[in-house]
Student: 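Pasting in a structure now, in structure tokens, and then I'll have a few things to ask.
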Amino acid sequence: MEIKKPAVAGTLESSDCMVTVEPGQGEIELDLDSVVIRQYGKQIRKIIHETLDRLDVNNAKVTVVDKGALDCTIKARVECAVYRSNDIRDNLPWGGVIR
Amino acid sequence: MSDSWIGQIYPGDTRGMAMVDALLEKEGIRRDGNLDYTCAMFDENGQAIATGSCFGNTLRCFAVSGAHQGEGLLNQVITHLIDWQAGRGQFHLFLYTKAGTAPFFADLGFHEIARVDGKLVFMENRRNGFPGYLKQLEATRRDGVSAAVVMNANPFTLGHQALAEQASASCDTLHLFIVSEDRSFFPFSVRRKLVELGTAHLPNVVLHDCGPYIISSATFPSYFLKDETDVIEGQARLDVEVFKRIAAVLNVRARWAGEEPTSRVTGLYNRVMAEELPKAGIRFVEIPRVQTSGTVISASTVRACLRDGDFTELKKMVPPSTLAYLTGAEAEPVLKKLRQAENVVHY
């Protein structure tokens, strides 16, 4: 999917994360802030990249502010931001690329 | 906790605003005169327990009731404000906060740009925002003596030209910054073009956009909208701190400005620069205004002439390139706006 315009998903509350996606400059540029970056930084990055790959997003500036979200939450917030940037709100591909 | 909710406080809601003011007052903060949006979080009894506001691309005026600190309410308020800003297409956000609270905002993805007197911290939600801007500027760094001028050029007059000429003659490279915030009568693209044309004869001038970092509605909202003297001064100090970091990157040793007899806000700004810049080893040079038949040339006077259709006076105050634009068809929408405006003079 193409990142057509900036979009935000998630919150800054504890155990959640806020994901912002914006049109990129030819690659994935990930800026991660996390309260548990030392413990789980690698794992969080991995989840974000995997989710973007599955959605076929390869050109985006992605900013994630993590407040200790679980993997499933991070994944859901990334998916939501990407679909919002495409103005897709209905008929989401549950069980397809979103699983 | 679960019964609390966040809602907008409209400017006419005196009861809501009184609760917001009470929260702010306990934190020693006065509510800004110019705000686009204010929200509050209410508990189950309808009492405001946290608040935050937006202006332009900034978040401001936050407070949480003493009885509810440590519950993460501010995180919810900031989330709400970020969502609201996203709704109107603002993603690059700025805020100022006290030094003690800065680490809290660092945890919310905000990064420090500059601080004033170790007390007030200016932050943005882009890790690579200001560092990226500085890196871009660094590419234009030249050896030898460098100086800088910042102008809004609304529009470019003979006064601006004289300032650029004198500053340019004093150094090897003149970095000329144009205010990019689109809050002036003349749009940024026009202001930039007229500066370009009006300084084309000065080969050592390098033009830059101020971006959101110098005289923008993020650093210096009171430049564009009326405010109290102490507010203007505080914002001017912050702007000067940001400029010091830019000057360091470009090896700028002097900042040039025109004397300011008429505009209060620019006058204060000049005074703060005269006080603060020498502390960072930057010379502040204020040159007298250029005059024409006894009156000083200023962009405000030019705008007044345009509003009144006084082209005889106008011709004495602007270079041929600006005059050509002002008398062309392209200027018509701006002139129409000027003619309808009540006040065209910078306060």
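Nothing here was measured: the structure is a model prediction, and the numbers come from that model. To find a chain, count down the sequence lines: A is the first, B the second, and so on, and within it residues start at 1.
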Student: Any side-chain heavy-atom pair from B/Leu108 and A/Lys67 closer than 4.5 angstrom?
Tutor: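 Yes, at least one pair of side-chain atoms sits under 4.5 Å.
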Student: Please check if the number of heavy atoms outside B/Gln69 that lie under 6.0 Å from its CD is greater than 12.
Tutor: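 Counting neighbours around CD of B/Gln69, more than 12 heavy atoms of other residues, nucleotides or ligands fall under 6.0 Å, so yes.
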Student: To the nearest 0.5 Å, how far apart are CG in B/Leu74 and CD in A/Glu13?
Tutor: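 So the CG of B/Leu74 and the CD of A/Glu13 are separated by 11.5 Å.
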Student: I'd like to know if the side chain of B/Arg127 and the backbone of A/Leu32 have a donor-acceptor N/O pair within less than 3.5 Å.
Tutor: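 Indeed, once roles are kept as given, a pair shorter than 3.5 Å links the two residues.
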Student: To the nearest 0.5 Å, what is the distance between CG on B/Asn128 and NZ on A/Lys61?
Tutor: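 One gets 7.0 Å once the value is rounded to the nearest 0.5 Å.
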Student: Are more than 12 heavy atoms from other residues, nucleotides or ligands located less than 6.0 Å from atom CZ of A/Arg38?
Tutor: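 Not more than 12 within 6.0 Å, no.
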Student: Take atom CZ of A/Arg89 as the centre, draw a 6.0 Å sphere, and report whether it contains more than 12 heavy atoms from other residues, nucleotides or ligands.
Tutor: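 Yes.
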Student: So how far is it from A/Ser14 OG to B/Glu71 CD, rounded to the nearest 0.5 Å?
Tutor: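 Those atoms lie 13.0 Å apart.
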Student: Between atom CD1 of B/Ile82 and atom CG of A/Leu12, what is the distance when rounded to the nearest 0.5 Å?
Tutor: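 If we round to the nearest 0.5 Å, B/Ile82:CD1 and A/Leu12:CG are 5.0 Å apart.
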Student: Please indicate whether B/Tyr10 has more than 12 foreign heavy atoms, meaning atoms of other residues, nucleotides or ligands, lying under 6.0 Å from its OH.
Tutor: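 Atom OH in B/Tyr10 is not crowded, with 12 or fewer foreign heavy atoms closer than 6.0 Å.
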Student: Using non-hydrogen atoms only, which part of A/Ala9 is less than 4.5 Å away from chain B: side chain, backbone, both, or neither?
Tutor: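 Neither part.
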Student: Rounded to the nearest 0.5 Å, how far apart are CZ of B/Arg126 and OG1 of A/Thr20?
Tutor: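 Atom-to-atom, B/Arg126:CZ and A/Thr20:OG1 are 8.0 Å apart.
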Student: Given the rule in the side chain to side chain contact (heavy atoms under 4.5 Å, CB included) test, do B/Asp83 and A/Val8 qualify, once you have shown the distances and angles that lead to the verdict?
Tutor: CA-CA 7 Å; B/Asp83 279 342; A/Val8 186; 4.3 Å; yes
Student: Counting only heavy atoms not in B/Gln136, do more than 12 sit closer than 6.0 Å to its CD atom?
Tutor: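 No.
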Student: Once you round to the nearest 0.5 Å, how far does NE2 of B/His111 lie from CG of A/Asp33?
Tutor: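 Going from the NE2 atom of B/His111 to the CG atom of A/Asp33 covers 4.0 Å.
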Student: When you look at OH of B/Tyr37, are more than 12 heavy atoms from neighbouring residues, nucleotides or ligands closer to it than 6.0 Å?
Tutor: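 Yes.
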Student: Around atom NZ of B/Lys26, are there more than 12 heavy atoms of other residues, nucleotides or ligands at under 6.0 Å?
Tutor: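 Open: at most 12 neighbouring heavy atoms sit under 6.0 Å from NZ of B/Lys26.
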